[in-house]
Enquirer: 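The structure that follows is given in the form of C-alpha cells.
In what follows, chains carry the letters A, B, and so on, assigned in the order in which the sequence lines appear, proteins first and then strands, with residues in each chain numbered from 1.
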Number of protein chains: 2
Amino acid sequence: MTSKALLYKRKILKELCFGNVLSALELSIRIEKSLPLTTRILNELVDEQILKESGYASSTGGRRPQRYSLVAGKMYVVSVAMDQLVTRIGIIDLQNCDISLSQKYNLVLSHNDASLSTLTKYINGFIKKSGIKKDKILGVGIGMPGFVDVDKGVNYSFLDHKGESIPAYIEEIIELPVFIDNDSSVIALTELKLGSAINTKNTMVINLGWGVGLGMIINGKLFRGNNGFAGEFSHIPLFENNKLCACGKSGCLETETSLLVVIEKAKKELDKGRVSIIKKIPADFEEACNTIISAAINGDQMAVELLLNMAYDLGKGIATLIHIFNPELIVLSGRGASAGNMLLAPIQHAINKYCIPRLSAYTKVIISTFSKSAELIGGAALVIENYDKKHSKQLITLLNN
Amino acid sequence: MTSKALLYKRKILKELCFGNVLSALELSIRIEKSLPLTTRILNELVDEQILKESGYASSTGGRRPQRYSLVAGKMYVVSVAMDQLVTRIGIIDLQNCDISLSQKYNLVLSHNDASLSTLTKYINGFIKKSGIKKDKILGVGIGMPGFVDVDKGVNYSFLDHKGESIPAYIEEIIELPVFIDNDSSVIALTELKLGSAINTKNTMVINLGWGVGLGMIINGKLFRGNNGFAGEFSHIPLFENNKLCACGKSGCLETETSLLVVIEKAKKELDKGRVSIIKKIPADFEEACNTIISAAINGDQMAVELLLNMAYDLGKGIATLIHIFNPELIVLSGRGASAGNMLLAPIQHAINKYCIPRLSAYTKVIISTFSKSAELIGGAALVIENYDKKHSKQLITLLNN
DNA sequence: TCGAACTAATTAAATTTTTTAAAAAGTTTT
DNA sequence: AAAACTTTTTAAAAAATTTAATTAGTTCGA
C-alpha cells in the first residue's frame, strides 16, 4: 500500500472514531478528497473488515446515503488521567467510545524520574492485564497537571526526566506511540469531540477542580499557546483580596474560586461553630468535594452559600474570557461541574454585572454532561488527534492483516 | 484561463504583496502546490508583466535561487482608516506598500445612514482624484471603531445601514470589492504582514488610543471571535476603583489605561495648579495626545508620571493576556505607542508582579515601529487577506489584458 | 399511483496535478 | 580544481480530480 493511501485511510478512520457514523459524501468533504477516491478507500476498508456499512441515513429528498462506521473490537486506545495523588488508566474501544476496563492507582506526583518509571510500569502492567493485543492499540494518551510543553514532551512541574521527552521514554518501553498534554486541554478535547462543544468553533472549557483550568477551542481546534502553557486561568490577577496564592502572588482567580478554597472555607466555618449537615470535612480531597457538593444538593445552607459565592467569583473571571474571546459557548467541566445547574445562576449574575450586554448576549454557559470520565476519554482524543500525523506501526500492521 | 489557474495566480500574488520577494521554491511551499506547477504559473505571470524576476537570493551552498516580485504600478488597494472624528483615505501600491496618496476628511461617526453615504462619496471622490484606473485597484479595505461583524458586514456601533451589509452598499456604488473590520484588528494585520509580528504564530497587538483595543494573532491568523467582537480588552473587569466607564460598568481596564484617561488626569492636575511645561491641554484629541507625549519625551515630570502610571496598569492587563494566551510576542501599537520605550519598563514591572515567572519568561513585549500609518496599511492587508477568497472582477481584467 | 424532481452512488474518460527522477546550472567548500 | 551541495528545468509516470453520463433509490405533488 502506498503511504498516501494509508494516510487517507487514517483520515477516514479518524473521522469515524467516537461512534461517528458518516456517509461517503460527508467523509469526502471532511478529508477534503474527491468522492471517487473516498469511495475507493472506503471499499478497501470495508473489505479489510475495519469498517462496516451500517444502515442508511434518512433521505433528504432522494436516495438514502449508505453510512459507514468502525467495527467494534478492532481499534483501542489506552488513556491515562493523572492528578497530584491518583492516576487512572483505562482502555477505550474507539467504535463506541466505551471504557472497556479501567483501574485506579495511587501515585503521588513528584518532579523526578521515579514517578515516571512507576507510571510506565503501571501502564505496561495494565495493558498486559487487559488482554488486548498491542497491534490493536493505536497509542497511549496521558493527561496530567502542570506546565506541559506538548511539542517537547516535557512537563515542567512534574515527572521530570532531565528535561528529556516523557513520551519518548515511555514509547521506548511499551512500544506504542505516546502523547501527553495538560489535564485541562484533555478535558476540552473531550467536550470538543464527544461533549457539548461538538461542532463548535470557539468554546472555552473550564476545568473546575483543585484549581481552575482552562482549555480553549479556537477555530475548531484546541489552542495550546506558544509553549503549551496557555489557559493558566487560575492565576490571572482579578481580586484585590490580599490572599496569598500557591503561585506566590496574591489576588489570583484561584484564591477565591477552586474546590480547594471552598473546602478551606467550609472548615473555617465549621470551626467557628456554624450549623450544617456536614459534621466533618474528610481529609481526602475527592471525598471532601463530594461531601460539600452533595450537602449543597441536599439544601445545606452553608454548602450552598460557599458554592454560590465561588461561582459568582468564577463568573467575574468568565466575564474576562467573554470580553477577550467572544466565544459561542462556555462549558463548565471538571470535578466541580458535578454541583450542576446550581452554579449557573450566580455565574450568569456575575456575567451580567461585569460584561457589556452586547457581548454576553452571544455566549451560552452550560454545565458539562460528563462525569469523572471526561479526562479518561480525552486521552483517547489526544491519540486520535495525532493519528494522521505521527507514524504508528500499529495501524500499518492492522491494515496489512 | 481556467478558474483554478486564476486561483493559483492569486495565491502567488498574495504572497508577493507588501514588498515580499520570494523564490519559486518558497512560493511553491507557501501556496502548497508542487514546484513544477508553481514554476509554470510563475512564468505565465512574468510573461503577463505582472511579476518580474528581481535578482538572486544569496546562496545557501548551491545555485542561487531566482527571486520574483510584483511590478510596481500594477496593483493598488484603497484603504480607509476611521476614528470617531476623522477619516483618512489612502491608495497603496502593493509592490512596495507605499502610500501613493492620502487625504484626511472630517467625518463625525454616528449610528445612521448619513455617515455611510458621506463616507461612500468621499471614497468615490478620492478614487477619481487619484487618477488610478479602477481595474488596477483590487478593492477597498476599511478599518473602523465599534462592534464590527465581519461576516455580516455590519457595525453595531456606527454607520447603521438598517442592519444590512455595509460593504454591499458601498460596492454597489463604487464597483469594487469592499471589506470592513474593527480598527484594532486592522492594526494587528499590519503588524502581522509588515510589522514586528511577521512570521509569528501567536501575538497580541495592543492598540493604545482612545480606548485600549486588542488584535489577536492565533496560529498565524487574525482571530475575531464568534461574532467578530473578540478583543474587547478595554472592558475586562480589572480594578476595584469605582470609576464609571463609558460602557456603563466600573473598574474596566479602560478606566485607568487609555490616552483619554491620561488627558483627563492631566487636565485635573493642571487645574490643581501643578507645574508642567504643558500650559493648556488642546481640545482636539490627537493634538492633546501629541502634547502630553512630547512633553513626556522632553522630561516633563507630570506627563512622565501620568504615562508611566497608565503603562503600569496596562501591564496588569497584559499579565492577564499572558496567562491566558502564552503568546510569543506582545506589540504595543496605536497612537499611544509613540510614547515609545518609556512605557516598557513599567509594563515589564507589572508583568513581573502579576505573572507567574515561568510564563512571562517566554513572552517578549515590544513597541510598534509603525507611526500613524498602521491602520491605513492594515486596510490594504484586509483586502489582500480576502483576495483568494472573494470574486474580484478586477483581477480577471488585469490578468486578461 | 405515477411521473417529475431530487439526491446518492457508480463508472469511465479526460484533464490536471503531483511525484519521481535525472540532468543541467550555479556556488561553496575543501 | 574537484567534490559536495542547492536550485532549477525538464520529462515521464503515477495519482487524483473533474466532468459527465448512468444507475438507483426517495419524496412530493398532480
Side-chain angles (χ1 to χ4, degrees), chain A residues 1-16 20-48 50-69 388-389 391 396 399-400, chain B residues 1-16 20-48 51-69 388-389 391 396 399:
Chain A
M1 188 177 351
T2 68
S3 75
K4 261 206 156 166
L6 184 63
L7 177 68
Y8 299 153
K9 287 191 180 179
R10 287 198 184 185
K11 281 185 189 287
I12 286 176
L13 293 176
K14 192 173 166 175
E15 293 299 330
L16 292 174
N20 284 329
V21 185
L22 297 168
S23 73
L25 183 59
E26 286 168 321
L27 282 166
S28 140
I29 292 166
R30 294 205 188 189
I31 69 170
E32 297 182 307
K33 292 286 137 189
S34 70
L35 189 52
L37 180 60
T38 306
T39 311
R40 206 191 73 210
I41 296 168
L42 229 32
N43 289 335
E44 283 181 33
L45 283 168
V46 171
D47 287 346
E48 292 162 23
I50 298 165
L51 251 55
K52 65 171 193 281
E53 300 185 336
S54 59
Y56 297 93
S58 61
S59 166
T60 52
R63 179 171 174 174
R64 285 155 61 192
Q66 177 64 258
R67 307 199 311 159
Y68 298 86
S69 68
D388 55 352
K389 285 168 200 150
H391 181 78
I396 298 177
L399 285 174
N400 286 343
Chain B
M1 191 178 349
T2 68
S3 75
K4 260 203 159 168
L6 184 63
L7 177 68
Y8 299 153
K9 288 190 178 179
R10 287 197 183 188
K11 282 185 188 288
I12 287 176
L13 292 177
K14 191 173 166 176
E15 294 299 330
L16 292 175
N20 284 330
V21 185
L22 298 168
S23 73
L25 183 60
E26 286 169 321
L27 282 166
S28 140
I29 292 166
R30 294 205 187 189
I31 70 169
E32 297 183 306
K33 292 287 136 187
S34 69
L35 189 51
L37 180 60
T38 306
T39 311
R40 207 191 71 209
I41 296 168
L42 229 32
N43 289 335
E44 284 181 33
L45 283 168
V46 171
D47 288 345
E48 293 163 21
L51 249 55
K52 64 170 193 282
E53 300 183 336
S54 59
Y56 297 92
S58 62
S59 167
T60 52
R63 179 171 175 173
R64 286 154 61 190
Q66 176 65 258
R67 307 199 311 159
Y68 297 86
S69 68
D388 56 351
K389 283 168 201 152
H391 181 79
I396 297 177
L399 285 174

Enquirer: Judged by atom type as modelled, is there a donor-acceptor pair below 3.5 Å linking the side chain of A:Ser28 to the main-chain atoms of A:Ala24?
Expert: no
Enquirer: Between C:dT18, C:dA8, D:dT7, spot the one nearest the side chain of B:Pro65, thanks.
Expert: D:dT7
Enquirer: In whole Å, I'd like the distance from the CG atom of B:Leu37 to the P atom of D:dA15.
Expert: 19 Å
Enquirer: Quick one: is B:Arg64 getting a side-chain N or O under 4.0 Å of the C:dG26 phosphate, OP1 or OP2?
Expert: no
Enquirer: From the set D:dT8, D:dT18, C:dA9, return the single nucleotide nearest to any side-chain atom of A:Leu25.
Expert: C:dA9
Enquirer: In terms of side-chain heavy atoms of B:Thr39, which of D:dT9, C:dT10, D:dT8 is nearest?
Expert: D:dT9
Enquirer: Specify the separation, in whole Å, of atom CD of A:Glu32 and atom C1' of D:dA16.
Expert: 14 Å
Enquirer: Rounded to whole angstrom units, what separation is found between the CD atom of B:Glu53 and the C1' atom of D:dT7?
Expert: 14 Å
Enquirer: Please give, in whole Å, the distance from C:dT7 C1' to A:Ile29 CD1?
Expert: 13 Å
Enquirer: Please give, in whole Å, the distance from C:dT18 P to A:Leu7 CG?
Expert: 15 Å
Enquirer: Can you check the A:Leu22 CG to C:dA8 C1' distance for me, whole Å?
Expert: 15 Å
Enquirer: In whole angstrom, give the distance that lies between atom CG of A:Leu35 and atom C1' of C:dA12.
Expert: 14 Å
Enquirer: So, applying side chain to side chain contact (heavy atoms under 4.5 Å, CB included) with A:Tyr68, which one of A:Val46, A:Leu22, A:Val21, A:Ile12 is it?
Expert: A:Val46
Enquirer: From the set C:dA9, C:dA12, C:dT19, return the single nucleotide nearest to any side-chain atom of A:Pro36.
Expert: C:dA12
Enquirer: With a 4.5 Å heavy-atom cut-off, do B:Glu48 and B:Lys9 have their side chains touching?
Expert: yes
Enquirer: Identify which nucleotide among D:dT8, D:dT18, C:dT18 has an atom closest to any side-chain atom of A:Ser34, counting heavy atoms from C-beta outward.
Expert: D:dT18
Enquirer: Report yes if a side-chain nitrogen or oxygen of A:Lys33 is closer than 4.0 Å to either non-bridging phosphate oxygen (OP1 or OP2) of D:dA16; otherwise report no.
Expert: no
Enquirer: Under 4.0 Å between a side-chain N or O of A:Tyr8 and OP1 or OP2 of D:dA16?
Expert: yes
Enquirer: State which of D:dT26, D:dT8, D:dA16 makes the closest approach to the side chain of A:Arg40.
Expert: D:dA16
Enquirer: So, do B:Thr38 and B:Ile29 sit near enough that their side-chain heavy atoms are less than 4.5 Å apart?
Expert: no
Enquirer: From CD1 of B:Ile41 over to C1' of C:dT16, roughly how many Å is that when rounded to an integer?
Expert: 11 Å
Enquirer: Do the non-hydrogen side-chain atoms of B:Gln66 and B:Ser23 ever get within less than 4.5 Å of each other?
Expert: no
